[in-house]
Every structure is written in C-alpha cells, then in structure tokens.
Amino acid sequence: MLSNLTSAYRGKRVFVTGHTGFKGSWLCEWLLSLGAEVVGYALDPQPHEILFDQLKLSERLVADHRGDLCDRERLVKIISDFQPEIVLHLAAQPLVRLSYDIPVETFATNVMGTAHVLDAVRLAGISCRIVAVTTDKCYENREWLHAYREEDPMGGHDPYSASKGAAEIVIASYRSSFFPGNGAVKLASARAGNVIGGGDWALDRIIPDCIRALRKNEAIPVRNKIATRPWQHVLEPLSGYLWLAASLATPAEPGRELTSAFNFGPNLTSNRTVSELVEELLRHVDGGWIDASDPNARHEASKLNLATDKAFHLLQWQPVWNFEQTIAQTADWYQAEANGADPAEFTRKQISEYQSAAAKKALVWALPANNP
C-alpha cells in the first residue's frame with residue numbers, strides 16, 4: 001500500500017502533456033520536488049504565459065518536447081522511447097470564451113488530442129497509469145443548486161464545455177475497449193475547474209485580469225459578477241491528480257474501482273460569486289473594481305458546483321485550504337513576484353506549506369512514510 005506522494009513518485013518516469021501551461025508548470029514543479037523524472041509535451045506557451053520560464057523548468061526536466069497533440073506519430077515515439085510509468089494528460093484549449101472564436105480548434109485539441117494521447121499509449125504497448133484531466137464544465141449544466149456527481153450526464157452549451165464532455169466519452173470508450181481495469185494500462189479521468197493561484201498569466205481569466213488591472217492602477221473590470229464558481233487553489237486538484245495516479249498502482253478492491261472519473265473540488269463554502277472573489281482579493285491588495293457586465297455577452301454558466309464524496313471515500317482526498325486561505329496564498333505569490341522574489345523558490349515554498357497543511361489534516365498522501 002502506498003504511504004505518501006513522495007514514496008509514490010520518487011524515481012518514477014512521468015509524462016506530462018500541457019506542461020508549459022499554468023497548471024502544468026505547478027505540476028512539474030511539484031513532481032520534481034517529489035523526485036520524479038519528468039518529460040513534458042506541449043505547444044510553446046503564449047508570450048504572456050511566462051510561468052514555465054519563471055520556474056526555469058526546461059533545464060530541469062528530462063526532456064521538454066514542443067509539439068501538437070495531433071502529431072500522433074511523434075507522441076507514439078516519445079512515449080515508446082521514454083516508457084513512462086505515469087501519464088498525466090493536461091494539454092487543452094482551456095478557455096470558454098475563446099472556444100466561441102475557435103470552436104473547431106477547441107474540439108480538435110480537447111477531443112482528438114485526448115484520443116491521440118490515449119492511442120499513443122495503446123500503440124506503444126506499455127504498462128502505465130493514466131490520469132486524463134477534463135473539467136467541471138463537462139457536465140450538462142442545468143444551473144442546479146446541488147453539486148454534480150461523476151455519474152451525471154455529459155453535455156456543454158459552449159464549444160469548450162462540449163469538447164470536454166466529448167473527451168470524457170472518448171476516455172470511457174478507450175477504457176472499455178482497450179484499457180480494462182485489470183489490464184496493463186490503468187485509466188482514470190479527473191474533473192476540476194475554476195483553479196486559481198500565483199503565476200497564472202492567461203488572458204480572459206479573473207485573477208490574471210485582476211492582477212493586470214491592479215498593476216496598471218486601473219479598476220478591475222468584472223464582466224459576470226453574480227456567476228458562482230467552486231474556487232480552489234491550483235494545488236488542490238493537482239494533489240488529487242497525483243494521488244489518483246499513484247493509487248491506480250494498488251490492486252482494485254471490491255467497491256473501490258479507481259479506473260473511472262473523479263471530481264476534485266473545494267468545500268461548499270468556497271462556492272462564491274465572482275464579485276466575492278474580487279472583494280476578497282482586494283483585502284490583500286489595494287484597488288477597486290467596476291461592473292463590466294454585458295447583457296449581450298455570450299453564454300457562460302451562472303452556477304456550477306462539484307460533489308467530491310467519491311474522492312473522499314475512495315481516495316481519502318479532501319481540499320486543504322479554504323476560500324480565504326486560497327485567496328491569501330494567491331495574492332502572496334503575485335506580491336512576492338512583484339517585489340523581486342524568485343518565482344521558483346516561492347512556488348516551492350507554497351507547495352511545502354500546502355503539504356504541511358495537508359499533513360496537519362492527516363490526509364494520507366501527505367503523511368510521513370512511517371505513518372499507517
């Protein structure tokens with residue numbers, strides 16, 4: 001039985017897609033701190049997405065491959081050569097509003113890209129564990145007040161959400177057709193969303209938009225102030241992805257089948273409106289905000305919550321930081337970066353703080369190796 005993340009990843013070969021992105025960069029930093037050997041595959045980050053370079057990750061990975069998910073032959077070669085023990089598939093077109101502008105590209109990346117990664121593993125003929133990351137927006141959103149569970153139907157109003165629902169269907173198909181739970185490849189999917197944290201420089205996301213406005217001494221434009229989201233620090237779902245992938249190594253027990261879908265979300269108290277998020281951020285930094293709502297804006301869901309009972313019962317996973325702590329940690333990262341702190345050192349510091357907080361909660365993945 002695995003004892004913690006360090007024992008699960010030390011010396012392990014891990015292949016990460018989307019490693020140059022916001023979540024991918026945090027994930028690679030964490031994997032390296034655990035002693036993993038990491039190979040990444042992704043497109044070059046956009047010029048404004050600088051976290052990967054800030055963390056100087058390229059020089060610390062086993063290999064830093066740049067390429068398109070549609071290049072299946074290259075994926076097969078890289079995976080065949082590296083022989084990963086764990087595959088963490090994060091690469092995606094991740095923005096809802098952008099998906100209205102590039103719907104075909106969104107479907108190509110999120111649906112066929114997922115199929116190409118899974119098929120590359122199939123063609124490489126290796127034994128490994130795969131966690132394919134989708135999103136909380138993969139569900140058919142009915143604007144319910146109650147939280148969505150893993151067995152709820154897939155759907156999606158906008159191209160992004162629909163592409164992620166379709167990706168989940170692809171994952172389920174590959175699991176049923178090629179990767180049975182008792183086979184050499186163990187495949188699970190992970191659903192999370194509305195992730196925030198330091199180092200996110202993406203366009204059209206609320207925290208980066210806030211930081212850019214504040215650094216220009218401008219009021220923060222808030223376009224959808226009443227939308228409610230399950231806000232969580234980036235380390236929360238990453239801990240779930242890592243522990244799920246590690247747990248796939250353990251033999252399946254009756255009633256504990258892990259080759260399936262898992263939600264990773266915050267406690268219900270972290271389901272807050274966008275305006276509440278901005279107000280909480282402004283408790284840590286000086287500034288203000290304005291209502292930039294557009295009655296003619298394209299559709300975005302107003303309510304979206306995730307149930308995480310399955311992750312709690314089967315993985316003993318639960319969130320660590322509450323809403324206020326999440327915002328405080330996020331604000332601290334950007335303020336430290338603005339004040340000249342080394343982003344890599346500060347990122348490692350926050351990972352360490354998160355692991356310590358998880359250990360105090362007696363979460364199994366964070367306990368010392370000699371704990372039961």
Side-chain angles (χ1 to χ4, degrees), residues 2 8-21 23-25 27-32 34-45 52 57-93 108-134 166-190 238 241-242 244-251 258-260:
L2 294 171
Y9 283 91
R10 183 183 292 119
K12 291 292 190 297
R13 299 183 303 279
V14 184
F15 181 64
V16 179
T17 72
H19 69 295
T20 61
K23 286 170 71 175
S25 296
L27 178 59
C28 287
E29 189 63 64
W30 198 347
L31 283 166
L32 291 171
L34 294 171
E37 299 175 13
V38 184
V39 164
Y41 184 90
L43 295 173
D44 291 328
F52 183 81
L57 285 168
S58 183
E59 60 200 55
R60 295 190 286 135
L61 302 180
V62 173
D64 172 17
H65 297 287
R66 303 301 172 89
D68 197 299
L69 289 177
C70 293
D71 191 346
R72 185 171 54 163
E73 289 185 6
R74 188 164 181 227
L75 279 170
V76 172
K77 184 177 188 323
I78 291 170
I79 289 173
S80 297
D81 290 346
F82 183 50
Q83 296 278 301
E85 296 161 273
I86 297 168
V87 174
L88 300 171
H89 172 46
L90 279 68
Q93 192 296 94
T109 298
N110 296 351
V111 184
M112 289 309 300
T114 298
H116 286 149
V117 171
L118 299 182
D119 212 51
V121 171
R122 180 182 71 88
L123 293 172
I126 62 171
S127 298
C128 70
R129 290 162 269 147
I130 308 173
V131 171
V133 175
T134 62
E168 283 282 357
I169 294 172
V170 168
I171 294 163
S173 173
Y174 265 79
R175 183 164 46 233
S176 299
S177 301
F178 309 113
F179 306 142
N182 60 354
V185 176
K186 313 288 187 185
L187 171 60
S189 65
L238 294 186
Y241 305 164
L242 289 169
L244 174 56
S247 300
L248 288 171
T250 61
L258 303 183
T259 54
S260 57

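Nothing fancy with the numbering, it's 1 onward along the sequence.
Atom CG of residue L238 and atom CG of residue L31 lie 9.0 Å apart, to the nearest 0.5 angstrom. The CZ atom of R72 sits 12.0 Å away from the CD1 atom of I79 when rounded to the nearest 0.5 Å. For the atom pair CD1 (I86) and CG (L242), the distance works out to 8.5 Å, reported to the nearest 0.5 Å. Atoms CH2 and OG, from W30 and S25 in turn, are 15.0 Å apart once rounded to the nearest 0.5 Å. For the atom pair T250 OG1 and K186 NZ, the distance stands at 9.0 Å (nearest 0.5 Å). In this structure, CG on L123 lies 11.0 Å from CG on L118, to the nearest 0.5 angstrom.
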Stepwise side chain to side chain contact (heavy atoms under 4.5 Å, CB included) test for V117 and L69: CA-CA 7 Å; V117 171; L69 289 177; 3.8 Å; yes
Intermediate values then yes/no, side chain to side chain contact (heavy atoms under 4.5 Å, CB included), F179 and T259: CA-CA 9 Å; F179 306 142; T259 54; over 6 Å; no
Worked check of side chain to side chain contact (heavy atoms under 4.5 Å, CB included) between R60 and L57: CA-CA 5 Å; R60 295 190 286 135; L57 285 168; 3.5 Å; yes
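Of the residues V62, L88, V16, the one that meets the side chain to side chain contact (heavy atoms under 4.5 Å, CB included) test with V38 is V16.
By the ring-ring contact (aromatic ring centres under 6.0 Å, His included) test, Y174 pairs with F178, sequence neighbours left out. Listed by chain and residue number, nothing satisfies the side chain to side chain contact (heavy atoms under 4.5 Å, CB included) test with A108 (two or more places apart in sequence, or in another chain). Residues meeting the ring-ring contact (aromatic ring centres under 6.0 Å, His included) test with F52, sequence neighbours left out: H19.
The two residues P45 and R66 have their closest heavy-atom pair at CD-NH1, 3.5 Å. Scanning both residues, I126 and A184, for their nearest heavy atoms gives O-CB, 4.5 Å. Considering all non-hydrogen atoms of both residues, Y41 and F15 come closest at CB-CZ, 3.5 Å. Here the closest heavy-atom approach between residue A91 and residue T17 is recorded as N-OG1, 3.1 Å. Listed here is the closest heavy atom pair of I171 and L187: O-CD2, 3.5 Å. Closest heavy-atom contact between V133 and K23: CG1-NZ, 4.0 Å.
A salt bridge links E85 and R13; the closest N-O separation between the charged side-chain nitrogens and carboxylate oxygens is under 4.0 Å.
T114 contributes a side-chain N or O that, together with a main-chain N or O of N110, makes up a donor-acceptor pair within less than 3.5 Å.
Side-chain polar atoms of Q93 and T109 form no donor-acceptor pair below 3.5 angstrom.
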